[in-house]
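The block underneath contains the structure these notes are about, expressed in C-alpha cells.
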Amino acid sequence: MDTGQLIQRDETCWEIPKKGAMRVPALIYADASLIRDMDQKVYEQITNVATLPGIVDAAYAMPDAHWGYGFPIGGVAAFDPDQGGVISAGGVGFDISCGVRTLHTGLTIRDILEQKHRLADELSRAIPAGVGSRGKISLNHNEMIAMLNGGAQWAVDRGFGEAEDLERTEEQGCMKGADPSEVSAKARERQHDEMGTLGSGNHYLEVQRVTEIYDQTIAARFGLAIDDIVITIHCGSRGLGHQIGTEFLKDMAVSASQYKIALPDRELACAPINSPLGKRYLGAMRAGINCALANRQILTHLTRQAVASIFPGARLDLFYDVSHNTCKVERHKVNGQMKELFIHRKGATRAYGPGHPELPTAFKDVGQPVLIGGSMGTCSYVLCGAKDNERRAYSSSCHGAGRAMSRHQATKQWRGRELVDDLARQGILIRSPSLRGIAEEAPLAYKDVSAVVDAADKAGLSRKVARLEPVICIKG
DNA sequence: ATGTCC
C-alpha cells in the first residue's frame with residue numbers, strides 16, 4: 001500500500017480521510033513496514049466498508065489485514081441499528097466463528113521430549129483433519145437443533161469436556177439468540193458428520209512450548225511459564241458455516257436494492273439489522289457460532305483422550321477460547337452515551353481490556369486473553385486486551401499472521417514434502433493428510449507474525465504476554 | 001474458509 005494516500009496519526013495509526021461516499025474515515029493500525037507490504041485491496045475494501053449505512057466512528061483494519069471477500073480479513077466495523085445500520089455476511093466471513101482455543105497441559109517440554117513422535121501419531125489418529133474430514137459423531141435432526149442452540153454447552157452436556165471449560169469460552173460457550181430454523185436443510189446436512197473435525201486450510205491443532213514471557217504478572221495470572229506445553233486448536237464451523245455464508249450472501253446481494261443500499265462492491269452485500277433478512281441472518285449466524293463452539297469443544301475432548309493415552313495424569317484445563325469471525329452485539333460509548341452496536345470482526349479478535357464486566361472472574365482485573373496463531377512452523381503469541389482499547393477499534397485486536405501470498409502462488413513456490421522435512425530438522429513434527437495443503441501453508445506465504453503483534457502492542461490494541469513455539473502440528 | 005465447481 002502506498003503510504004502517500006494515508007494521513008499518519010501516530011507511529012501505528014494511519015487514516016484514510018472521509019471522501020466521496022464514505023460516511024466515516026477508515027483507520028489502519030500497523031507500522032510503516034506492514035503498511036508498505038499491505039495489499040492495496042485493503043485500502044479499497046475498508047474505504048468501501050466506510051460507505052455502508054449506519055457505520056459508527058470508522059472502518060478499521062488490524063495490522064494483519066489482507067484482501068478478503070468484500071470486507072478485508074483483519075477488518076472491524078461497528079453498526080448502529082437505530083441509524084439504519086447493516087449486517088453483512090461478508091463482514092463476518094464464510095467460516096463463521098472460526099477461532100482459537102488454547103489448553104494448558106501441566107506438562108513441560110522435558111516431560112514430552114521423548115514421547116514427541118508417539119504424541120504426534122496419537123493426535124493425528126484422534127483428530128480428523130483435511131478437506132471433507134468426517135468424525136465419529138453424527139447428529140440426528142433433534143440433536144443438530146440442540147447443538148445449534150446450545151454450542152459448547154450442548155457438547156459439555158453430552159459428555160464432551162467439563163463445565164469449567166464454559167467459563168473460559170466467549171459467551172460461556174453458548175451464543176444466545178441462535179435460530180436453527182434459519183439454518184437450511186443443506187447446511188445441516190453438510191454438518192451431519194463433521195462435528196469434531198478440524199477441516200483444512202489454515203486450521204490446525206498445535207502442541208506448543210512457551211519460549212518467552214513479556215509480562216510476568218499477566219503470564220502468571222494466565223498460568224503460563226517458560227517451557228510449559230500448551231495445545232492450541234484453530235478451527236471453525238466447517239461446512240455448516242460456509243453454507244450459511246454462501247446462502248445469505250446471495251440473498252443479501254439480491255435484496256440490497258430493495259433496501260436502497262448502494263453497494264460499491266457486490267461482495268459487500270448486507271441487509272439492515274432491523275430488516276427481516278438481517279434478523280434471519282443474525283439467527284443463522286448465531287447458530288453457526290454455536291456450531292463452531294461445539295466443534296472446538298468436541299475437539300478438546302478428543303485431544304484430552306489422545307494425550308491421556310500417553311500421559312495418564314495430565315490435566316488439560318482450558319485456558320481460553322476466542323472467535324475471530326463474528327458479529328456481536330456489544331455496549332460501547334458513542335458520543336458519550338452507551339449504545340448497543342453490532343460489531344463485525346472478520347479475522348479480528350475481541351480483546352476486552354481490564355475491568356470489562358463480561359470477562360470471566362479469573363481475568364477480570366487483567367483483561368481478556370488474546371490468542372494469536374502464527375503460520376505453521378513459526379511462533380504464536382498470547383496477548384491481553386489493553387486498557388482503554390475501546391476507543392481504538394471497539395476492543396479488537398489482530399488474529400494471526402495474515403497471508404502475504406495466495407495459496408496458488410505458494411504451491412508454485414514450495415513442495416509440501418520439503419517443508420515437512422525442513423521443519424522436522426528444526427524439531428517440529430507435522431502430520432497432515434495433504435502435502436499440497438502444507439505447501440499452501442508455507443511459513444513464508446504469511447506475514448511476519450512477530451511484526452504484526454508488535455504493531456498491535458504498540459498501537460495499544462492488546463499487550464504482548466507470551467510467545468509460543470510449535471513442537472507438533474496437526475494440519476488439515 | 002469450502003463436499004477447493006451445481
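Values below: every heavy atom of this structure, side chains too, minus hydrogens, waters and symmetry copies. Not measured: the values here are computed from a predicted model. Letters go in sequence order (proteins before strands), and every chain restarts at 1.
Summarising the geometry, the separation between NZ on A:Lys250 and C1' on B:dC6 is reported as 11 Å, rounded to the nearest angstrom. With rounding to whole Å, A:Tyr69 atom OH is found 13 Å from B:dT2 atom C1'. Counting to the nearest Å, the P atom of B:dC6 and the CD atom of A:Gln243 are 9 Å from each other. Remark: C1' of B:dC5 and NE2 of A:His408 are 17 Å apart, rounded to the nearest angstrom. Atom pair A:Leu249:CG and B:dT2:P shows a separation of 16 Å (rounding to whole Å applied). Look at NE2 on A:His203: it is 5 Å from P on B:dT2, rounded to the nearest Å. B:dT4 atom C1' lies 17 Å from atom CG of A:Leu435, rounded to whole Å. Rounding to whole angstrom units, CD1 of residue A:Ile96 and P of B:dT2 are separated by 12 Å.
No side-chain donor-acceptor contact under 3.5 Å links A:Asn389 to the backbone of A:Tyr394. Distance alone, capped at 3.5 Å, is enough to place a donor-acceptor pair between the A:His203 side chain and the A:Leu198 backbone.
The aromatic rings of A:His344 and A:Phe79 stand perpendicular to each other, their planes meeting at an angle above 60°, with 30° marking the opposite boundary.
Between A:Ser200 and the phosphate of B:dT2, there is a side-chain N or O to OP1/OP2 separation shorter than 4.0 Å.
Contact annotation for A:Lys186: base contact, defined as any heavy-atom pair under 4.0 Å involving a base atom.
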**Q.** Audit row: A:Asp321, A:Arg296, salt bridge (charged side-chain N to carboxylate O under 4.0 Å, His left out) steps and yes/no
**A.** CA-CA 9 Å; A:Asp321 180 303; A:Arg296 289 198 286 278; 3.0 Å; yes
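Of the residues in residues 233-241 of chain A, A:Arg238, A:Gly239 come within less than 4.0 Å of DNA chain B through at least one heavy atom, sorted by number.
Each salt bridge (Lys or Arg N to Asp or Glu O under 4.0 Å) pair with one or both residues in residues 59-77 of chain A, not counting sequence neighbours, would appear here, but there are none.
Sequence order on DNA chain B of the closest nucleotides to A:Val131 and A:Arg403 puts A:Arg403 first from the 5' end.
Between A:Glu171 and A:Lys328, at least one side-chain N (NZ, or NE/NH1/NH2) sits under 4.0 Å from a carboxylate O, which counts as a salt bridge. By the 4.0 Å N-to-carboxylate-O rule, A:Glu189 lies too far from A:Lys186 to be salt-bridged with it.
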